[in-house]
Amino acid sequence: MLKHLLCILCISLTTFGYSASNDAKQVFNRLVLVMGNSNVPKPQLLILDNKQLVAKTFPSGEVMIGKQFIQHCSLFGPDSINALACVLSHELVHYYQKHFWAQNFGSAYVDSDWGKKISEDENNRKFIELYETQADQLGFYYAFSAGYKTWRIGKNLLDSTYRWYQLKENLDGYPSLTQRKLMVETSSNQFSNLIPVFEMSNMLKVISSNYLGDQQSALLDFCSFGYEHLMSANIQTPEMYNNMAVAKILKAQKYTASKFSSLKLPVILDEQSLMYEASGSRGEDDVEQFNTLMNEAMEHLDKALKLDPYYWPASLNRSIVLMGQEKFGACQDELNSKAIAGIIKDNPKITTAINEMKGILYFYQGDLAKSKQSLNNVIKAGSVSAGYNQLILTDEFAKPMTEASLKTTTDTIEKWNGTFVYKGLKNYKTGFENVITYSNTKAEILRDTFNGYKIFELRQKIGFCPVQYVKIAVKNNVGLKTSRGLKEGSTLAELQKLYGVSIEKTEGTLLTYYSYLSKNLVVMVNKQTGKVENWFYFIVI
């Protein structure tokens with residue numbers, strides 16, 4: 001009997017070790033997917049059987065983590081995955097930000113031998129606190145972008161790690177444990193205050209694709225305000241500059257009467273190939289305003305590429321700006337840039353977006369046959385916008401879509417908390433005690449929770465505006481279902497059976513967003529699993 005029990009125990013421990021290691025790999029790969037697209041080699045995770053190893057990162061791209069540390073993280077129970085993500089995102093920021101001293105050796109989450117090496121040089125010690133703070137702040141941001149809640153446990157994980165490995169309060173080369181916990185806590189508090197702004201900005205950019213004209217322009221403005229606030233809090237990444245540029249490009253379209261104003265531009269937002277509806281307010285041939293917005297967009301894109309020369313979304317968006325400015329030769333050069341050439345080999349979806357841009361460019365260069373052939377190939381590859389653009393360019397699209405054609409209507413079947421979605425959100429009152437402070441004078445964000453949903457409300461405060469407010473209800477509780485039975489973990493087939501095929505779909509790096517306008521609903525499906533991850537209802541007034 002004892003032998004039998006020991007055998008079961010050994011099998012159990014082996015299974016646990018495999019599962020924990022597999023979790024670490026999945027977390028690492030998801031974080032790399034969010035952080036990647038850099039001009040440095042893709043990092044590799046090495047899980048070592050080393051009782052003293054927590055995590056180390058080297059300039060070569062090797063990120064080492066101890067198998068025993070992964071097992072320790074399981075002590076955090078439901079937060080075990082967040083604990084792994086906390087350390088791995090921290091180390092990956094060190095790698096992508098090149099926090100390496102003299103390129104001789106890398107970084108370590110906590111390691112006494114590594115600390116002694118660092119402490120031998122006074123100049124190294126000056127950068128420790130700066131680098132650690134940046135790794136905390138950006139680590140929280142990227143982990144959150146990947147779906148992890150690391151800011152909640154950063155301080156406790158650090159405390160536990162010192163206890164697990166019996167480390168002294170003061171280690172050479174590191175701030176004291178008390179100082180490190182204070183640094184993490186400060187970064188955590190700052191980031192937790194940014195989360196509502198970050199979430200609201202991301203949802204606004206998805207919602208804006210469902211609107212035209214001044215309403216879309218206002219939504220993009222509010223989205224941009226949020227990104228500006230994040231950047232003012234030192235979350236300065238290529239994605240942020242790129243997002244702000246996209247808002248400028250889409251706004252600029254309404255200030256020209258050329259065909260460019262009606263195109264569905266394949267702008268790239270947040271490393272995601274998103275097809276956004278062009279602004280619907282046509283014919284306002286305001287050259288000065290158009291050029292101002294395009295120049296501002298170009299400045300943001302240049303900053304993004306300065307941070308990462310291989311950041312292809314900014315490069316593709318630069319080609320769109322150059323096309324809008326009728327710099328067709330420069331546009332063609334940009335479509336052949338090193339950033340785009342570096343990504344096009346491995347990502348057919350990006351190839352589609354680039355070929356669509358080339359098809360439009362051929363039209364402007366006078367090669368109509370080549371333009372038609374290129375756009376037809378893109379249409380066959382599944383691009384809806386390419387067919388629309390071909391009609392615009394050839395003057396065959398007599399009646400462009402109007403703002404009225406996209407207005408949402410109430411679905412009398414779908415209900416939210418016992419009443420119609422549209423009416424329920426419209427009548428919901430968010431108290432002013434829940435206002436989120438962020439640095440702009442044009443709007444305020446309020447948040448609340450109610451019946452398993454997180455409620456976000458954006459209220460404008462700039463006088464006349466085509467958007468008075470935006471209200472969003474995001475599923476927050478596990479086990480919650482829509483009135484039609486949709487739940488977290490539902491398959492794409494189940495989603496389509498319950499709600500039909502979504503006309504408006506936006507592709508993201510990790511998620512695909514399916515918009516159901518008549519139901520004021522956006523459903524987020526995980527691209528890797530093909531299953532529903534979350535959803536939200538919205539109303540724009």
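The figures that follow rest on heavy atoms only: side chains count, while hydrogens, waters and symmetry mates do not.
- Summarising the geometry, atom CD1 belonging to I445 is positioned 10.0 Å from atom CZ belonging to F222; distances are rounded to the nearest 0.5 Å.
- For F144, the ring pair (Phe, Tyr, Trp, His ring centres under 6.0 Å) partners are W151, F191, F198, not counting sequence neighbours.
- A donor-acceptor pair under 3.5 Å is absent between the side-chain atoms of S188 and the main chain of V184, judged by distance alone.
- Remark: side-chain polar atoms of E494 are paired, donor with acceptor, to backbone N or O of T491 under 3.5 angstrom.
- With sequence neighbours excluded, the residues forming a side chain to side chain contact (heavy atoms under 4.5 Å, CB included) with A245 are A297, H300, L301, listed by chain and number.
- For residues 312-321, every residue pair satisfying the salt bridge (Lys or Arg N to Asp or Glu O under 4.0 Å) rule, not counting sequence neighbours, is listed here: D302-R318, R318-E334.
- With sequence neighbours left out, D79 forms a side chain to side chain donor-acceptor pair (under 3.5 Å) with N82, R152.
- Take K487 and apply the side chain to side chain contact (heavy atoms under 4.5 Å, CB included) test, not counting sequence neighbours, and it matches K481, S490.
- Remark: the backbone N or O of S515 is paired with a side-chain donor or acceptor of S502 at under 3.5 angstrom.
- In this structure, L88 CG and Y95 OH are separated by 14.5 Å, a value rounded to the nearest 0.5 Å.
- Side-chain atoms of I455 and Y428, non-hydrogen and from C-beta on, do get closer than 4.5 Å to each other.
- Evaluation of the salt bridge (Lys or Arg N to Asp or Glu O under 4.0 Å) rule for K454 yields E199 as partners, not counting sequence neighbours.
- With sequence neighbours left out, S80 forms a side chain to side chain donor-acceptor pair (under 3.5 Å) with no residue at all.
- Partners of T178 under the side chain to side chain donor-acceptor pair (under 3.5 Å) rule, at least two apart in sequence or in another chain, are E169.
- Contact annotation: the side chain of Y514 approaches that of L492 to within less than 4.5 Å [non-hydrogen atoms, C-beta and beyond].
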Hey, mind stepping through R459 and E457 against salt bridge (Lys or Arg N to Asp or Glu O under 4.0 Å) and telling me if it holds?
CA-CA 6 Å; R459 296 181 185 175; E457 182 175 352; 2.7 Å; yes
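- Considering only residues two or more places apart in sequence or on other chains, Q190 meets the side chain to side chain donor-acceptor pair (under 3.5 Å) condition with Q137.
- Within the 4.5 Å cutoff, the side chain of Y148 has no heavy atoms near those of the S89 side chain.
- Between the side chain of T449 and the main chain of Y453, no donor-acceptor pair closer than 3.5 Å is present.
- With sequence neighbours excluded, no residue forms a salt bridge (Lys or Arg N to Asp or Glu O under 4.0 Å) with K303.
- Taking E185 as the reference, K155 meet the salt bridge (Lys or Arg N to Asp or Glu O under 4.0 Å) condition, with sequence neighbours excluded.
- Two residues are said to be in side-chain contact when any heavy atoms from C-beta on lie closer than 4.5 Å; L521 and W535 meet this criterion.
- Scored by the side chain to side chain contact (heavy atoms under 4.5 Å, CB included) test, K25 finds L45, I47 as partners (sequence neighbours excluded).
- Applying side-chain contact (heavy atoms from CB on, under 4.5 Å) to I539 and the options L425, V470, I472 leaves one that passes, L425.
- Using a 4.5 Å heavy-atom cutoff, the side chains of Y310 and S315 are not in contact.
- Between F538 and Y211, the ring-plane angle classifies as perpendicular under the 30° and 60° cut-offs.
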